[in-house]
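All remarks here apply to the structure that follows.
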Amino acid sequence: MRFSKMLIPTLREIPADAEAASHILMLRAGYVRQLAAGLYIYLPLGLRVIEKINKIIREEMNAIGAQEITMPVLHPAEIWQETGRWFEIGDEMFRLKDRGGRDMCLGMTHEEIITWLAVREIRSYRDLPQIWYQIQTKLRDEARPKSGVLRTREFLMKDSYSFDADEDGLERSYQLHADAYHKIFSRCGLKFYMVESDPGMMGGATAHEFMAPSQAGEDEVVLCASCGYAANIELALSSPEKIEVREWEFEEVYTPEKRTVEDVSNFLKLGPEYFIKSILLISNEGPVLALVRGDQELHEKKLNKIIGEHRPAQKEEVKDILGVEAGFIGPMNHKIRIIADICLKEGVYVSGANKPHYHAKGIRPGRNFTAEWHDIHIAKEGDVCHKCNGTLKVERVIEVGNIFKLGTKYSVPLKALYLDEKGLEKPVIMGSYGIGPARIAAAAIEQNNDRDGIIWPKSIAPFDVEILPLNMKDARTKEVAGEIYKDLTDKGIEVLMDDRDERAGVKFKDADLIGIPTQIIIGERNLKEGLVEIKDRRTKETRKVKIEECKISL
RNA sequence: CGGGGCGUAGCGCAGCCUGGUGUAGCGCACCUGCCUUGGGAGCAGGGGGUCGGAGGUUCAAAUCCUCUCGCCCCGACCA
């Protein structure tokens, strides 16, 4: 392609409302334009990248026997009502009515629709297993679209669904996807981790996410370098660092106006890890006291799984329920349910004395209070791996893919049944698997850029090579550029030629910004010796080669 | 939905606090001509704005007040 004939509107300055590197660079390098919050137009270069990614996805999906189909974006409400999600999902679903007044919605995912299809087309165990996929637009009315293409209201997703006769079959389909995903993300040049994740409302027991490390990400993962444990921080287990046990006898200490762990810790000159933080919460079944070590944070989501929906108690409620004002609460002598973090099970601690302006020292779990023991703290950098005693690392990541074991969550309500060998009717066992191509592109940029612009992995770059004829007014330059362009193109190499009548500096800047991995620089100086330069975008290294060797050297 | 910020030419911004400087300004981009061609050149000339929108205060509003719409960031949410 010729640059002069292509819409590549590069920007010199950083757009005011972009912050993430990928967002800034996609705008500056002319890959995308924003229509409205969370809605993007892909320009020619952007589209080429997405299609490169989609091609890789298709190849790997087809390789595991998945079959591509395509489903509508507009869905009738009835089917979503049958699974209950029409009612469970709130404002995030775009809803509308058709001219007949029927409720409709825009597809945020396609479990319902694919299951509708399975209901009709799968009848016998002989029809199983099946993997069907599509690369389709999804619409979600996100509360807060952000970071350019990383979180949008309309986006492309590769979603696949597996149908199996039993759990073993599902395990095989799940594994096939995990393997295919590894290949896809590797081929796209991403650094990534596969981590345990919370199945959430997708249902089912097992789920994993594919996470590309980047500061621009919205998630955090916990990683153990020694045993390979990897989990989303939403469910990651860990053991806080062990502390030396102090053999204090129980005593009450006067701590005037010292209410926070920090205050008391400074006042008593004792590290926060020797404190028990007591937090009163109100669940649907009444008040619950949650206990974590003073240097730890309570993990709301973990607690949610134990006590259900809850909210923090108000100051007056603390006094009413525990008989003491907030700041001096301790775990002793309460009749309400107490959930304590496992790391408190051993040791001797300091906590509120349930008495204004007093804390109690020498509190022993088991003796001074009892509790239900659970992991309810947020794992953090430096914690001990609960599997191997290694040291944990926490990293910020972009979710680029996920895989879920759904089981019968959709096949039962929608009656996707098959007849087994004995003629018994059974629900199909399902899995659901997603990949966001735009997130792959954005993550690739986040992981591969420098001061000058994007550095695409070769596999997903919009072009393989960019030719820079530095002076288009020079006949020899033009001639050689034309020859090399034709040569490479004939060999099947995708070439962008900057044939604009621009000064050399402009072409260099734009080429670095756009980030095509290899540049061929054609300047009059080198041409006199029959040479052109080949430059690697990543390393900036150049080497001079003879014109005729140009294609061989790539 | 809660908190914060911002809407002035295609892009980036100044002007607003303290209303009035005459035709609303600067840089880049754009158009014409000359010149130039190895890291976003130079000179000369030129086009482009209902100052997000509506209402109000005032002799006078980009500037003050009210409402409203949009965008970004933090948080909540995220199938």
Side-chain angles (χ1 to χ4, degrees), chain A residues 9-20 23-24 27-30 33-39 80 83-93 105 107-113 138-148 150-153 155 157 159 161 197-204 207 209 216 218-219 232 234 300-301 304 309 311-312 399 402 404 406 409-410 432-434 436 451-453 468-474 476-478 498 500-514 519 521-528 531-533 535 540 542 544:
Chain A
T10 57
L11 267 23
R12 237 174 240 240
E13 284 174 282
I14 297 175
D17 34 326
E19 211 152 277
H23 191 195
I24 291 171
L27 288 168
R28 281 196 61 209
R33 285 295 180 261
Q34 183 178 19
L35 173 65
L39 298 175
W80 285 83
T83 60
R85 287 163 113 189
W86 177 265
F87 310 102
E88 286 163 29
I89 296 167
D91 292 339
E92 213 175 325
M93 181 184 268
C105 64
M108 30 199 325
T109 176
H110 281 76
E111 280 80 13
E112 276 78 359
I113 310 305
K138 301 282 185 267
L139 291 124
R140 297 181 185 178
D141 198 357
E142 289 287 347
R144 186 150 89 83
K146 57 179 289 199
S147 306
L150 279 175
R151 191 167 200 81
T152 56
R153 295 192 291 175
F155 59 98
M157 184 192 252
D159 45 325
Y161 305 89
S197 73
D198 187 345
M201 281 183 65
M202 287 293 274
E209 288 164 330
E218 300 181 83
D219 288 290
N232 192 309
E234 286 178 5
E300 297 287 347
K301 283 198 171 157
N304 218 347
E309 290 296 316
R311 60 169 175 88
E399 181 186 349
N402 53 44
F404 292 93
L406 296 177
K409 176 168 167 138
Y410 298 93
S432 149
Y433 317 86
R451 209 172 53 254
D452 297 313
L468 308 184
L470 296 184
N471 182 2
M472 286 303 286
K473 293 232 165 71
D474 178 60
R476 180 69 182 142
T477 299
K478 244 174 120 168
D498 193 346
R500 296 174 301 169
D501 184 19
E502 288 286 355
R503 297 170 60 84
V506 174
K507 295 191 181 190
F508 284 129
K509 288 287 184 191
D510 275 345
D512 287 349
L513 184 58
I514 289 166
Q519 301 172 5
I521 299 160
I522 303 171
E524 290 171 86
R525 244 167 30 201
N526 288 320
L527 235 35
K528 284 185 187 130
L531 300 172
V532 296
E533 259 171 290
K535 180 174 154 191
K540 301 268 170 89
T542 64
K544 293 180 186 178

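We name chains A, B, ... by the order of the sequence lines, and we start the count at 1 in each one.
- The partner of B/C1 is B/G75, by the rule that a Watson-Crick or G-U pair needs both atom distances under 3.5 Å.
- Taking atom CZ of A/Arg500 as the reference point, atom C1' of B/G39 lies 13 Å away to the nearest angstrom.
- Remark: B/G7 base-pairs with B/C69; criterion is Watson-Crick or G-U wobble with both hydrogen-bond distances under 3.5 Å.
- Using a 4.5 Å heavy-atom cutoff, the side chains of A/Thr477 and A/Met472 are not in contact.
- A donor and an acceptor atom sit less than 3.5 Å apart, one in the side chain of A/Asn526 and one in the base of B/G38.
- Listed by chain and residue number, A/His177 satisfy the ring pair (Phe, Tyr, Trp, His ring centres under 6.0 Å) test with A/Tyr433 (two or more places apart in sequence, or in another chain).
- Below the 3.5 angstrom threshold, one finds a donor paired with an acceptor across the side chain of A/Glu533 and the base of B/G38.
- A salt bridge links A/Lys301 with A/Glu234; the closest basic N to acidic carboxylate O contact falls under 4.0 Å.
- The same atom, P, is picked in B/G12 and in B/C6; the two are 16 Å apart, to the nearest Å.
- Across the strands present, B/G25 finds its partner in B/C13; the criterion is a Watson-Crick or G-U wobble pair with both atom distances under 3.5 angstrom.
- Distances from the side chain of A/Thr109 to the nucleotides B/A79, B/A76, B/U37 place B/A79 closest.
- A/Pro15 comes within contact range of the sugar-phosphate backbone alone, with a heavy-atom separation under 4.0 Å but no base atom that close.
- Distance CE (A/Met157) to P (B/A79): 11 Å, rounded to an integer number of Å.
- Here B/G39 presents its C1' atom at 13 Å from CG of A/Asp498, a figure rounded to the nearest Å.
- Counting any heavy atom pair closer than 4.0 Å across all strands shown, A/Ala36 reaches sugar-phosphate atoms only and no base atom.
- Between A/Ile24 and A/Ala18 the shortest heavy-atom distance is CG1-CB, 3.7 Å.
- B/A60 and B/G42 have their C1' atoms separated by 44 Å, given to the nearest Å.
- If you check every strand for non-hydrogen atoms under 4.0 Å, A/Asp510 touches a base.
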Which atom pairs, donor and acceptor, lie under 3.5 Å between side-chain atoms of residues 505-512 of chain A and protein residues at least two apart or in another chain?
{"residue": "A/Lys507", "atom": "NZ", "partner": "A/Pro469", "partner atom": "O", "Å": "2.8"}
{"residue": "A/Lys507", "atom": "NZ", "partner": "A/Asp498", "partner atom": "O", "Å": "2.9"}
{"residue": "A/Lys507", "atom": "NZ", "partner": "A/Arg500", "partner atom": "O", "Å": "2.7"}
{"residue": "A/Asp510", "atom": "OD1", "partner": "A/Thr10", "partner atom": "OG1", "Å": "3.0"}
{"residue": "A/Asp510", "atom": "OD2", "partner": "A/Thr10", "partner atom": "OG1", "Å": "3.4"}
{"residue": "A/Asp510", "atom": "OD2", "partner": "A/Arg500", "partner atom": "NH1", "Å": "3.3"}
{"residue": "A/Asp510", "atom": "OD2", "partner": "A/Arg500", "partner atom": "NH2", "Å": "3.0"}
{"residue": "A/Asp512", "atom": "OD1", "partner": "A/Gln519", "partner atom": "NE2", "Å": "2.9"}

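- Ranking B/U37, B/G40, B/A79 by closeness to the A/Glu92 side chain, first place goes to B/A79.
- One can place NZ of A/Lys507 at 9 Å from C1' of B/U37, the figure rounded to the nearest angstrom.
- The side chain of A/Glu19 sits closest to B/C73 out of B/G12, B/C73, B/G38.
- Judged by atom type and distance alone, A/Lys535 reaches the base of B/G39 through a side-chain donor-acceptor pair under 3.5 Å.
- Taking atom C1' in both B/A61 and B/G47, one finds a spacing of 28 Å when rounded to whole Å.
- Here the nucleotide nearest the side chain of A/Ala143, chosen from B/C77, B/A41, B/G75, is B/C77.
- Between A/Ile522 atom CD1 and B/G39 atom P there is a gap of 17 Å when expressed in whole angstrom units.
- Listed nucleotides B/G40, B/A79, B/G12 differ in distance to A/Val506; the shortest reach to its side chain belongs to B/G40.
- Across the interface with RNA chain B, nearest-nucleotide mapping of A/Ala37 and A/Met93 shows A/Ala37 to be the residue nearer the 5′ end.
- The CZ-P distance, from A/Arg140 to B/A79, rounds to 8 Å in whole Å.
- A/Arg153 comes within 4.0 angstrom of nothing in the nucleic acid, heavy atoms only.
- Protein atom CZ of A/Phe508 is 8 Å distant from nucleotide atom P of B/G38, rounded to whole Å.
- Not a single donor-acceptor pair under 3.5 Å links the side chain of A/Arg153 to the backbone N or O of A/Leu139.
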request  = Would you mind building the protein contact string for nucleotides 26-31 of chain B? One character per nucleotide, 5' to 3', B for base within reach (heavy atoms under 4.0 Å), S for sugar-phosphate only, - for untouched.
outcome  = -BSS--
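- The 5' end of RNA chain B is approached more closely, in terms of each residue's nearest nucleotide, by A/Ser147 than by the other of A/Glu218 and A/Ser147.
- The closest side-chain donor-acceptor pair between A/Lys146 and A/His23, if any, does not fall under 3.5 angstrom.
- Shown here, B/G38 forms no base pair; nothing in the strands shown gives a Watson-Crick or G-U wobble contact with both key distances under 3.5 Å.
- The side chain of A/Ala16 approaches B/C13 more closely than any other nucleotide in the set B/C13, B/C71, B/A79.
- The main-chain N or O of A/Leu11 is found under 3.5 Å from a side-chain atom of A/Arg28 such that the two form a donor-acceptor pair.
- Nucleotides B/U50 and B/U63 are separated by 16 Å at their P atoms, to the nearest Å.
- The side chain of A/Asp17 approaches B/C72 more closely than any other nucleotide in the set B/G38, B/A79, B/C72.
- Between A/Glu112 and A/Arg85 there is a salt bridge, with a side-chain nitrogen of the basic residue lying less than 4.0 Å from a carboxylate oxygen of the acidic one.
- At a threshold of 4.0 angstrom between heavy atoms, the contacts of A/Leu468 with the nucleic acid are absent.
- Between the side chain of A/Tyr161 and the backbone N or O of A/His110 there is at least one donor-acceptor pair closer than 3.5 Å.
- Comparing B/U68 with B/G3, their P atoms are spaced 14 Å from each other, to the whole Å.
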Intermediate values then yes/no, side chain to side chain contact (heavy atoms under 4.5 Å, CB included), A/Leu527 and A/Ile522 = CA-CA 7 Å; A/Leu527 235 35; A/Ile522 303 171; 3.9 Å; yes
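- An OP1 or OP2 oxygen of B/U36 is reached within less than 4.0 angstrom by no side-chain nitrogen or oxygen of A/Arg503.
- Looking at the side chain of A/Arg144, the nearest of the listed nucleotides B/A76, B/G40, B/G38 is B/A76.
- Taking atom C1' on both B/U21 and B/C16, the two are 16 Å apart, rounded to the nearest angstrom.
- Here the C1' atom of nucleotide B/C77 and the CG atom of A/Asp91 are 10 Å apart, to the nearest Å.
- Nucleotides B/A14 and B/U23 place their P atoms 25 Å apart, quoted to the nearest Å.
- Nucleotides B/C13 and B/A24 are separated by 14 Å at their C1' atoms, to the nearest Å.
- For A/Leu513, whose side chain is taken as the heavy atoms from C-beta onward, the closest listed nucleotide among B/G40, B/G38, B/U37 is B/G40.
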